[in-house]
Amino acid sequence: MRRSAGHKNSLHDAEKYNREAPVNLQRDTAHYFGYVYFRQVRDSSVKRGYFQKSLVLLSSLPYTNLFHTLLQLIAPEYFNKLEPCLEAVCNQIDRWPFPEPGHLLSLPIMGLVLQVKIPSQTDVIETNVATDHPKDRLDPPCHISSIHELDLFRSLQSVLMNLQLLWELVLLGEPLVIMAPSPTISSELVLALTGCISPLKFCSDFRPYFTIHDSEFKEYTTKTQAPPSLLLGVTNPFFIKTLQHWPHILRVGEPRVSGDLPKQVKLKKITKLKTLDTKMGMYTSYKPFLHKDKTLIKQLLKGLQKKLPSSALSLMLRKHLFHLTQSFILPLERYMGSLMPHHSAITPWKNPPQVRPFQQEELMKMLEHTGPQYSSAIKGDWIGLYRRFLKSPHFDGWYRHKQKEMRERLETAHLKVICEANITAWIKNKSEVEIVDLVLKLRDKLVQAHRQHLPVSSASLNRLKLHIDEVIGSLPEDLQSILHPH
């Protein structure tokens, strides 16, 4: 759900957290995530025959597993004891440490201690590719093996035959409606799809469970403008009629767990979309750029025959999607690297050189010779997929992040060169105006290093402070008192 403008940051040092956390676990500054425990119990004293109530936990952090586990502990107690229970729980949560990427945290709650590891950017690849998938229940002593990873196989099992098509739609930021039989299935499928382009950050909007009561209902259902770049999870069949102008609609049913691959959703033309009685299917006119890769399905079928647990099948899926996205992103990373100035162009007495501008045609020429069409087992129109990707919100988000990263690398390299320079020798034949100008610039560099948390050692920064003091000491007393006010 959208946050109101100017809402106060609730997370201590959010910028530092976002710098160190994996892209898919960064704090969302524009939205809240709502985690819901819904209770429905027969009750003849109520007019509708049921007691219905939800307990909702709001957070700017996408810790799906941790917060659902928390609700499973809190909600049953809350429904018995009401407000006093919540008050006690909130008092405990208020004392929890702030989430620090890379740290193992112990979180006391209702007589238990939940142990969680907050992933950092350095171990994101291990988390995605080299570790077993978490269990859905708590292991003694209440260790949650992943704060966010879903049972990917369970979530995607009915769309595996069209997974590559869905990967392309998500990668390109296409508007996609997921119609599911329950909020749980809808939410899990939407979250699984937002994560299927990891390690790329999902920069479109998404609503895991959307209803006709949501404030954006008119905005998303209007036919006067093109549908937004959005992944929308719904359960109300009414949306088939309201959203039939959307280009891609996926309707799924209840998952059937058996020893074989569950019944797969079939690809259907969007023109076949009927109203309320629409059958299960992927309704789209989209023609994929890449050819279908059957190796994943073969691996999963072998795994099912061997009766491998869902966690092992999820790991196969996670690895496959991770490597698919990585093989797509690596040539872009290489091209961006070629835009960086050479280290020899960085000198202490001049501003750092600029990054060369991004040129689409230059990138396309490079991709024709070094693109994934030569290294990947998946064939198809990779160049066409890149051209389309460059117009997507995910490319825009990735490119902005890369630009910021490259500027910071240049600033860091420049600062290191300054710290190592012989400033005393440089100022020998310089005028007072030039020396004062240098002092002001060096001070700006120090402020920038602290503000942007540039990776420069404290020893180097202290050396720079000493250099500044030496330079000021070489000036006449009247200037010293201006630059060094006591």
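Sequence positions, counted from 1, serve as the residue numbers for this chain.
- For Tyr17 and Phe98, the ring centers are positioned 6.0 Å apart or more.
- In this structure, the side chains of Ile249 and Ile178 stay at 4.5 Å or more apart for every pair of heavy atoms.
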Side chain to side chain contact (heavy atoms under 4.5 Å, CB included) for Val436 and Ile482? Distances and angles first, verdict last.
CA-CA 10 Å; Val436 170; Ile482 294 167; over 6 Å; no
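- Every salt bridge (charged side-chain N to carboxylate O under 4.0 Å, His left out) that Glu216 has, sequence neighbours left out, goes to Arg2, Arg207.
- With contacts defined as side-chain heavy-atom distances shorter than 4.5 Å, the pair Trp382/Ile378 qualifies.
- Summarising the geometry, atom CD belonging to Gln354 is positioned 12.5 Å from atom CG belonging to Leu339; distances are rounded to the nearest 0.5 Å.
- Between the side chains of Thr325 and Trp167, at least one donor N or O lies within less than 3.5 Å of an accepting N or O.
- Judged by distance alone, the side chains of Ser310 and Asp151 do bring a donor and an acceptor atom under 3.5 Å apart.
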Side-chain donor-acceptor contacts of residues 224-234 below 3.5 Å, not counting sequence neighbours, with atom names and distances?
from	atom 1	to	atom 2	distance (Å)
Thr224	OG1	Thr222	OG1	2.8
Ser229	OG	Gly173	O	2.7
Ser229	OG	Ser204	OG	2.7

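- Note on ring orientation: taking the six-membered ring where Trp is involved, the planes of Phe395 and Phe389 are perpendicular (angle over 60°, cut-offs 30° and 60°).
- Between Lys428 and Glu434 there is no salt bridge, since no side-chain nitrogen of the basic residue lies less than 4.0 Å from a carboxylate oxygen of the acidic one.
- At a cut-off of 3.5 Å, with distance as the only test, a side-chain donor of His342 or Ser344 sits close to an acceptor on the other residue.
- Residues Leu163 and Ile297 form no side-chain contact, since every pair of their non-hydrogen atoms from C-beta on lies 4.5 Å or further apart.
- Residues meeting the side chain to side chain donor-acceptor pair (under 3.5 Å) test with Gln360, sequence neighbours left out: none.
- Distance alone, capped at 3.5 Å, is enough to place a donor-acceptor pair between the Asp381 side chain and the Gly384 backbone.
- Evaluation of the salt bridge (charged side-chain N to carboxylate O under 4.0 Å, His left out) rule for Asp293 yields no partner, not counting sequence neighbours.
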- Where do His394 and Phe202 land on the ring-ring contact (aromatic ring centres under 6.0 Å, His included) test, with the steps shown first? CA-CA 6 Å; His394 303 315; Phe202 186 87; 4.9 Å; yes
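- Of the N and O atoms on the side chains of Asp205 and Tyr220, at least one donor lies less than 3.5 Å from an acceptor on the other residue.
- Between the side chains of Ser311 and Ser314, no donor N or O sits under 3.5 Å from an acceptor N or O.
- Residues His248 and Met282 form a side-chain contact, since some pair of their non-hydrogen atoms from C-beta on lies under 4.5 Å apart.
- A donor-acceptor contact shorter than 3.5 Å is absent between the side chain of Trp246 and the backbone of Thr242.
- When atom types are taken as modelled, the side chain of Asn162 and the backbone of Val159 share no donor-acceptor pair closer than 3.5 angstrom.
- With sequence neighbours excluded, the residues that form a side chain to side chain donor-acceptor pair (under 3.5 Å) with Glu362 are Tyr335, Arg356.
- Taken to the nearest 0.5 Å, the CD1 atom of Ile185 stands 9.5 Å off from the CZ atom of Arg154.
- Remark: side-chain polar atoms of Gln373 are paired, donor with acceptor, to backbone N or O of Leu367 under 3.5 angstrom.
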- Check the pair Leu171, Leu385 against side chain to side chain contact (heavy atoms under 4.5 Å, CB included), reporting the backbone distance first and the verdict last. CA-CA 9 Å; Leu171 181 76; Leu385 185 61; 4.2 Å; yes
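- For His414, there are no ring pair (Phe, Tyr, Trp, His ring centres under 6.0 Å) partners two or more places apart in sequence or in a different chain.
- Using a 4.5 Å heavy-atom cutoff, the side chains of His453 and Arg19 are in contact.
- Around atom NZ of Lys379, more than 12 heavy atoms belonging to other residues, nucleotides or ligands sit under 6.0 Å away.
- Remark: Lys391 NZ is loosely packed, at most 12 non-hydrogen atoms of other residues, nucleotides or ligands lying under 6.0 Å away.
- Remark: Pro357 engages no residue in a side-chain contact (heavy atoms from CB on, under 4.5 Å) (not counting sequence neighbours).
- Applying the salt bridge (charged side-chain N to carboxylate O under 4.0 Å, His left out) test to Lys266 and every residue at least two apart in sequence or in another chain returns nothing.
- Residues that satisfy the ring pair (Phe, Tyr, Trp, His ring centres under 6.0 Å) test with Phe67, not counting sequence neighbours, are Tyr35, Tyr63.
- Not counting sequence neighbours, the partners of Lys117 by the side chain to side chain donor-acceptor pair (under 3.5 Å) test are Asp123.
- Annotation: salt bridge (charged side-chain N to carboxylate O under 4.0 Å, His left out) contacts of Glu20 (sequence neighbours excluded): Lys16.
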When you look at Leu446 and Ile468, which way does the side chain to side chain contact (heavy atoms under 4.5 Å, CB included) test go after all the steps? CA-CA 10 Å; Leu446 275 178; Ile468 293 170; 3.6 Å; yes
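- The ring pair (Phe, Tyr, Trp, His ring centres under 6.0 Å) search around Tyr286 returns none, not counting sequence neighbours.
- Residues Tyr386 and Met364 form a side-chain contact, since some pair of their non-hydrogen atoms from C-beta on lies under 4.5 Å apart.
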| message | Go through it in stages, so that I can follow the logic: the residues are Gln157 and Leu313, the test is side chain to side chain contact (heavy atoms under 4.5 Å, CB included), and I'd like the CA-CA distance, side-chain angles, deciding distance and then a yes or no. | response | CA-CA 10 Å; Gln157 60 181 332; Leu313 300 172; over 6 Å; no
